Trainee: 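For reference, the structure I am asking about is given below.
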Protein chains: 2
Amino acid sequence: MTTKEIKHVPEPVLRRLPRYLQILTRLKEEGIKEVSSTRIADELRLDSTQVRKDIEFTGIIGKPKTGFLVPQLIHAIESFLNWDNVTDAFLVGAGSLGTAILGYPGFNNYGINIIAAFDSNPEKAGGTIRNIPIFHIDKLPDLSHRMHVHIGIITVPAAAANEVATMMIDGGIKAIWNFAPVQLRVPKEIIVENVLLHASLSVLTRKLGQSIQDQK
Amino acid sequence: MTTKEIKHVPEPVLRRLPRYLQILTRLKEEGIKEVSSTRIADELRLDSTQVRKDIEFTGIIGKPKTGFLVPQLIHAIESFLNWDNVTDAFLVGAGSLGTAILGYPGFNNYGINIIAAFDSNPEKAGGTIRNIPIFHIDKLPDLSHRMHVHIGIITVPAAAANEVATMMIDGGIKAIWNFAPVQLRVPKEIIVENVLLHASLSVLTRKLGQSIQDQK
DNA sequence: TTTTAATCGAGAAAAATATATCGAGAAATT
DNA sequence: AATTTCTCGATATATTTTTCTCGATTAAAA
Ligand SMILES: NC(=O)c1ccc[n+]([C@@H]2O[C@H](COP(=O)([O-])OP(=O)(O)OC[C@H]3O[C@@H](n4cnc5c(N)ncnc54)[C@H](O)[C@@H]3O)[C@@H](O)[C@H]2O)c1
Ligand SMILES: NC(=O)c1ccc[n+]([C@@H]2O[C@H](COP(=O)([O-])OP(=O)(O)OC[C@H]3O[C@@H](n4cnc5c(N)ncnc54)[C@H](O)[C@@H]3O)[C@@H](O)[C@H]2O)c1
C-alpha cells in the first residue's frame, strides 16, 4: 500500500473493531499491557487470522510472541473509527426509543455527541433529557445550519422517517443513523446506517424455528 | 434439492427478507397484487438477481413478465422466518431501553410476544408496561420453567448480562436477543443474536470521517 | 547458550456471497 | 398473428470475505 492510497475497509471489519475495543478496554482496566490476536479471537469466538487482518487496517503492527500493545491498539482503533474526535448529532423523535437513546451516556465513547433533540409533539418541546434540550421540529432547519451538525438520528415512526431525513439533509446533515424500518430515499452522498431490529429478529426467529424443527 | 434436505440459509438473506416484507406489506395495502424482483430491488437499491435468489429460499416460484403474487410471497416469507407462529419471550432489564422495547407494539408482527419483564430493582417490580407485568428477577427461574418461554431479551447493563444469560438458560430459554455490548458466554446450542449499536455506529462514523477527509 | 513455544504477517486457498448471462415463458403491443 | 418487452430461473462468473499454511521473529524455558 503506497503512501496516500485509500484502501477500502469492508463493513464486517468495521463491525468487529468495536468488539475488540470492548475487550481491550477491559484488559486495560485490568492493567494488562499486551494482548495477542489469539486471545481476542478466543474471547469472541473468531479466527485469530481474521483478528490480525482486521487490526492490520488500523496500521498497528504487532510483535511476535507477545502480540499488540493494549493502549496503542485502543488508540489506533478509536482513531480509525473516528471516535477520537466526537461528532455532534441531532436526534429527531423523542418517543420511547428516542428517549432511551438520549438517556444513554455511552455514545460519547462511540464518537457521537447528541446536542439536541426534536419532536413534532408540542408537549415534548421545552423539556430536556440528560441536559439535552428538546425543540419543536420546526426549529430543526434553522438550528442545524447554525450549529454545523453532521449526524442525524431518526427515531420517528416509519411514516415520518423520509420527511425527517429530507429536513436533515436540507439542514446540512451528512450521515443518518436510522432506526425506522424503512428505506430512506436520500442522495447517494448521504451516509445512511440502518438499525433494523426486525432484520435482527428474523435471524433469531428463523434459527430458533430451525432448531426446534431439527429436534423433532 | 431433494425433499427433506435442510438447506443452510445465509444470514444476509435472513436480514434482507424482512425488508422485502416491509415493501410487500405496503404494496398489499395499496391493493397491488403482483410484484417483480426488479421492483423490489430498485426500491432497496439491490440487485434483482439477488432478490430472486433470496425469494427462492422461501420456496415461492414466480411467473415470467409479472413476477410474484404479493399475498403469497408475504405468507411465504413470514412462514419462512417463523413469524406466523409467534413465540413467547421474556425481557430482563426494564430500564430505558427495555421500557422502549416493552412499549413497542410492533414486535408481534415480527414473531415474538413479550409476556413478562424482570428487573433487579424492587421498585420496578409490580408495575406493568402495555399490560406486560414486571417481576423481580428472583421470579425468573420459576416462571420461565412454568411458562415454557423460548426467547429471552437482555437489556441490562453489560456487567450483568452474562449472569442474566445464565439464569435464562437455566430457565429453559433457547434463544437470546442481546442488547448489551458484551460477548455472552453460552453453550453453543443456545442461539444468540446481538444488537450491537456501537458496531452500527462504527460504520457510520468511519464512513463520515472518510467522506470528510476525501473532501479535503 | 540452546531449545521450545507462541505469535506475527505475507501469501495461498477455500468458502461464502453477489453479480452477470441467457434461454424460455408470459403478457402487452403492433 | 407476429413482434416486442419484461421477467423468471438456471448456470456461470466475479467479488468479497474468511480460513489455512508457513517462514521469520521474539520471549521464555531448559
Ligand atoms: N421502541 C422500540 O423498541 C422500537 C423498536 C424497533 C423499531 N423502532 C422504531 O423506532 C421508531 C420510533 O419508535 P418509538 O417506539 O420510539 O415510537 P414513539 O411513538 O414512542 O415515538 C415517536 C416519536 O416521534 C415523534 N414524531 C412523529 N412524527 C414526527 C415528525 N414528523 N417529526 C418529529 N417528530 C415526530 C412523536 O411525537 C413521538 O414522540 C419507529 O420508527 C419504530 O418503528 C422502535
Ligand atoms: N439506552 C440505550 O440507548 C442503549 C444503547 C445501546 C446499548 N444499550 C445497552 O442496553 C443495556 C440497557 O441500557 P439502558 O440504557 O436501558 O440501561 P438502564 O440502566 O436504563 O437499564 C438497565 C436496567 O437493568 C436493571 N438491572 C441491572 N442489573 C440487573 C440484573 N442483574 N437483573 C435484572 N435487572 C437488572 C436495572 O435495574 C435497570 O432497570 C445496556 O447494556 C446498554 O449498554 C442501551
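Only a predicted model underlies this, so the values are computations on that prediction, with no experimental measurement involved.
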Trainee: How does each nucleotide of nucleotides 5-12 of chain C score, in 5' to 3' order, for protein heavy atoms under 4.0 Å: base (B), sugar-phosphate only (S), or none (-)?
Mentor: BBBBBSB-
Trainee: Rounded to whole Å, how long is the line connecting atom NZ of A/K33 with atom P of D/dA27?
Mentor: 17 Å
Trainee: Does this structure show an ion pair linking B/R206 with A/E11, if we count only N-O contacts that are shorter than 4.0 Å?
Mentor: no
Trainee: In whole Å, what is the span from the CD atom of B/Q50 to the C1' atom of D/dT16?
Mentor: 13 Å
Trainee: Please state how far atom CG in A/D54 lies from atom P in D/dT19, giving the value in whole angstrom units.
Mentor: 11 Å
Trainee: Holding to side chain to side chain contact (heavy atoms under 4.5 Å, CB included), I want the full list of residues that pass it with A/K65, two or more places apart in sequence or in another chain.
Mentor: none
Trainee: Check the distance between C/dA27's P and B/L69's CG and give it to me in whole angstrom.
Mentor: 11 Å
Trainee: Salt-bridged, A/R15 to A/E193, with N to O below 4.0 Å?
Mentor: yes
Trainee: Can you tell me how far P of C/dA18 sits from CG of B/L14, to the nearest Å?
Mentor: 12 Å
Trainee: Using the side-chain hydrogen bond (donor to acceptor under 3.5 Å, both in side chains) rule, take B/Q22 and B/R26 through it: C-alpha gap first, then chi angles, then the decisive distance, then the call.
Mentor: CA-CA 6 Å; B/Q22 188 226 311; B/R26 202 196 64 224; over 6 Å; no
Trainee: Using whole Å, report how far CZ of A/R15 lies from P of D/dT16.
Mentor: 17 Å
Trainee: Mind checking whether A/Y110 and A/W83 have parallel, tilted or perpendicular rings, split at 30° and 60°?
Mentor: tilted
Trainee: Does the ring center of A/W177 lie less than 6.0 Å from the ring center of A/F107?
Mentor: yes
Trainee: Rounding to a whole Å, what distance do you find between A/E11:CD and C/dA16:P?
Mentor: 21 Å
Trainee: How long is the line joining CG of B/D47 and P of C/dA18, in whole Å?
Mentor: 10 Å
